[in-house]
Amino acid sequence: MHDPRVLLDPATDAVRKLARRGYSLDLGSLEKLLSGRNAAIQRGDEARAEAKRVATAVKGADPDERAALVERARDLKAVVGAAEQEHKALDAELTALLLDVPNLPLDEVPDGASDDDAELVRTWGEPPALDFTPLDHVDLGDRLGILDLPRATKLAGPRFAVLRGRGAALERALARYFLDLATERHGYTEYSVPTLVNRTSMTGTGQLPKFEQDLFKTGVDERELFLIPTAEVPLTNLHAQETLATETLPLAYTAHTPCFRSEAGSYGKDTRGLIRMHEFSKVELVRVVDSTTTRDELEVLVGHAEAVLQGLGLAYRVVKLAAGDLGFSAQITYDLEVWLPGQQKYREIASASDFGTFQARRAAIRTRSKDGTRGFAGTLNSSGLPIGRTMVALLEQGQQADGSVVIPEALVPYTGFDRLTPA
RNA sequence: GGAAGCGUGGCAGAGCGGCCGAAUGCACUCGCCUUGAAAGCGAGAGUCCCGCAAGGGUCCGGGGGUUCGAAUCCCUCCGCUUCCGCCA
């Protein structure tokens, strides 16, 4: 959420910046709401101040002037009540408007609306030169006897997966490898967190109120809970409504959780295989930092995500997303795209985003520095990585002419096997 | 699910319907003292909102009510603790 004053400041250039991502900001009504709200606050405060003075005067008043004072106090009370009501009403409107406004893209973010407009930053590794026609991960998984999509559909419907035998073991090994890398090499603290969270948490990171249709919602009686689409939600909200001493920053958190996405509006997209699931498992990296350092922290963070792919020897590239392709809360995002021989192209596997203070304002994650300066924290997150999509890349890039798949060396201590072979 | 109790500032812990933003202790910041530190002494310091500022307002778990006036009374919700039941 933005500070309305900042949005209204011409120096911010908010209208143009938001237009780059396809959002049209109504500065006029914003201005009107803000000034109206502030005027109401002031009116209420003045009346309340007077009411306090009168109430104090009542105590020592002569009997004959007491009645007049009490009546005056009653009148003031009405004024306070009216001003307060107006304040609340305008504040609700203002908040609703602000909650709807996405983050401002940084100037370095390229123009454009789709992934075609992303800017190539760098490429790592060589797509394996296969002297045979590569299979995609669905066929591979089927032959290897580790992936059973038909039965997943029977159990829950499309976009769910069943892993079997070494497939299930591979999933477990990947999660452990990712977590060890994050905690032992990159300094993240591992958490185990709820995967069902309340509306406040979802609003804090920006999934709500705008994107409720993307979430799975559950509840018993009046109670309302949402399945997390990513561990970003619980990890970032750990410090919601808290004030952090700047000298304790940056905080680096990781968690391995299931993630749930309704994938509304993605009908027909990636219907085959493990790419787009309603439920998948992911290791997430979250950083809570001094707000002035987020841009540098993003480079650190994307490096941590890249290290995972590099450790597995998977060819990938890094792109900077176009303004119109940014997530709601992000001001800049790098996508990591891994090479998929089965599709003969790079496909998104992870994305690392800098949210500036956008989420911290929503979630009220405050900071206080040694000299007493107060502000909001900066937040960032990256996948590190999703297990399913990593398995896709691993199977497809590691496939051999005989139909077997070679497990990357770094992973062998975790799997206990170095090769998957057809059943 | 049943019964009882409790929710005050970073922590601990007072608080008669007006003198309470709130005693006191610890912790904290800045001085003094000391070779240095500790102890001692003095001073200061909460949050959020409106305001250029001066200043004003808010906040004693959340919300509502009674009253000229509520941390103090009432209602309600939430959370925590203890006991019983059930249970992974």
Side-chain angles (χ1 to χ4, degrees), chain A residues 1-11 30-99 192-204 218-226 234 237-249 251 258 291 357 359-377:
Chain A
M1 185 156 70
H2 296 287
D3 179 346
R5 268 173 259 268
V6 171
L7 286 183
L8 287 169
D9 185 348
L30 180 64
E31 209 285 321
K32 221 172 106 189
L33 284 171
L34 182 65
S35 59
R37 180 196 72 140
N38 291 352
I41 289 174
Q42 200 145 28
R43 231 179 314 126
D45 282 359
E46 278 162 15
R48 201 184 280 106
E50 176 66 11
K52 279 169 80 169
R53 280 193 292 274
V54 174
T56 311
V58 167
K59 200 189 172 194
D62 295 331
D64 49 320
E65 57 186 2
R66 191 177 193 282
L69 284 173
V70 169
E71 192 186 339
R72 168 99 180 106
R74 285 211 174 100
D75 291 346
L76 284 165
K77 199 174 153 187
V79 175
V80 170
E84 220 162 50
Q85 264 198 328
E86 188 180 343
H87 167 205
K88 273 190 188 169
L90 290 174
D91 204 51
E93 271 190 72
L94 180 65
T95 303
L97 194 158
L98 288 172
L99 282 175
S192 172
V193 290
T195 48
L196 220 42
V197 302
N198 59 30
R199 179 169 285 272
T200 303
S201 297
M202 283 294 185
T203 305
T218 178
V220 177
D221 297 328
E222 298 301 295
R223 192 146 178 219
E224 175 188 63
L225 291 168
F226 298 88
N237 280 290
L238 280 173
H239 294 294
Q241 285 128 336
E242 291 181 13
T243 300
L244 306 169
T246 48
E247 60 266 26
T248 65
L249 304 177
L251 302 173
S291 63
T357 58
Q359 289 182 328
R361 285 179 179 283
R362 290 180 157 244
I365 305 170
R366 299 194 157 85
T367 58
R368 174 203 237 120
S369 59
K370 271 245 162 95
D371 66 10
T373 312
R374 306 183 63 83
F376 290 98

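The chains referred to below are lettered A, B, ... by the order of the sequence lines, with proteins before strands, and numbering in each begins at 1. Computed from a predicted model, the values in this text were never measured in an experiment.
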base_contact_polar (B:G56 base, A:D45 side chain, donor-acceptor, <3.5 Å)
yes
Donor-acceptor check, side chain of A:N237 to backbone of A:S201, threshold 3.5 angstrom: yes or no?
yes
OP1 or OP2 of B:G69 versus the side-chain N and O atoms of A:K77: is any pair under 4.0 Å?
yes
Rounded P spacing from B:A12 to B:G64 in Å:
28 Å
Between A:Q42 and A:T56, which has a closest nucleotide on RNA chain B that is more 5'?
A:T56
Show the numbers, then the answer: is there a salt bridge (Lys or Arg N to Asp or Glu O under 4.0 Å) between A:R37 and A:E86?
CA-CA 7 Å; A:R37 180 196 72 140; A:E86 188 180 343; over 6 Å; no
Interatomic distance at C1', B:A3 relative to B:U58, whole Å:
38 Å
Return whichever of A:E46 or A:T243 has its heavy-atom-nearest nucleotide of RNA chain B closer to the 5' end.
A:T243
Taking the P atom of each, how far is B:U24 from B:A43, in whole Å?
12 Å
Which nucleotide wins on minimum distance to the side chain of A:V70, given the candidates B:C49, B:G64, B:C68?
B:C68
Check whether any side-chain N or O of A:R37 sits under 4.0 Å from OP1 or OP2 of B:C49, and answer yes or no.
no
Candidate nucleotides B:C68, B:C50, B:G57, ranked by approach to the side chain of A:N38 - the nearest
B:C50
Measuring only the C1' atom in each nucleotide, how far is B:U72 from B:U66? A whole number of Å is fine.
14 Å
Picking from B:C50, B:G69, B:U58, which would you name as closest to the side chain of A:I41?
B:C50
With C1' as the reference atom in both, quote the distance from B:C59 to B:C20 in angstrom, rounded to an integer.
13 Å
Atom C1', compared across B:G44 and B:A27: separation rounded to whole Å
15 Å
Between A:R48 and B:G56, does any side-chain N or O lie under 4.0 Å from OP1 or OP2?
no
So, A:N38 versus A:S35: side-chain donor-acceptor pair below 3.5 Å or not?
no
Should the heavy atoms of other residues, nucleotides or ligands under 6.0 Å from CD of A:E71 be counted, would the total exceed 12?
no
Any A:R5 side-chain nitrogen or oxygen under 4.0 Å from OP1 or OP2 of B:C49:
no
Please measure how far the P atom in B:C60 lies from the corresponding atom in B:A70, and state the result in whole Å.
11 Å
Just to confirm, is there a sub-4.0 Å distance from OP1 or OP2 of B:C68 to any side-chain nitrogen or oxygen of A:R66?
no
Is the shortest side-chain N to carboxylate O distance from A:R48 to A:E84 below 4.0 Å?
yes
Of the listed B:C68, B:U47, B:G51, the closest approach to the A:R368 side chain comes from B:U47
Under 4.0 Å from OP1 or OP2 of B:G57: is there any side-chain N or O of A:K52 that close?
yes
Of all the nucleotides listed (B:C49, B:G56, B:U47), which has the minimum atom distance to the side chain of A:A49?
B:G56
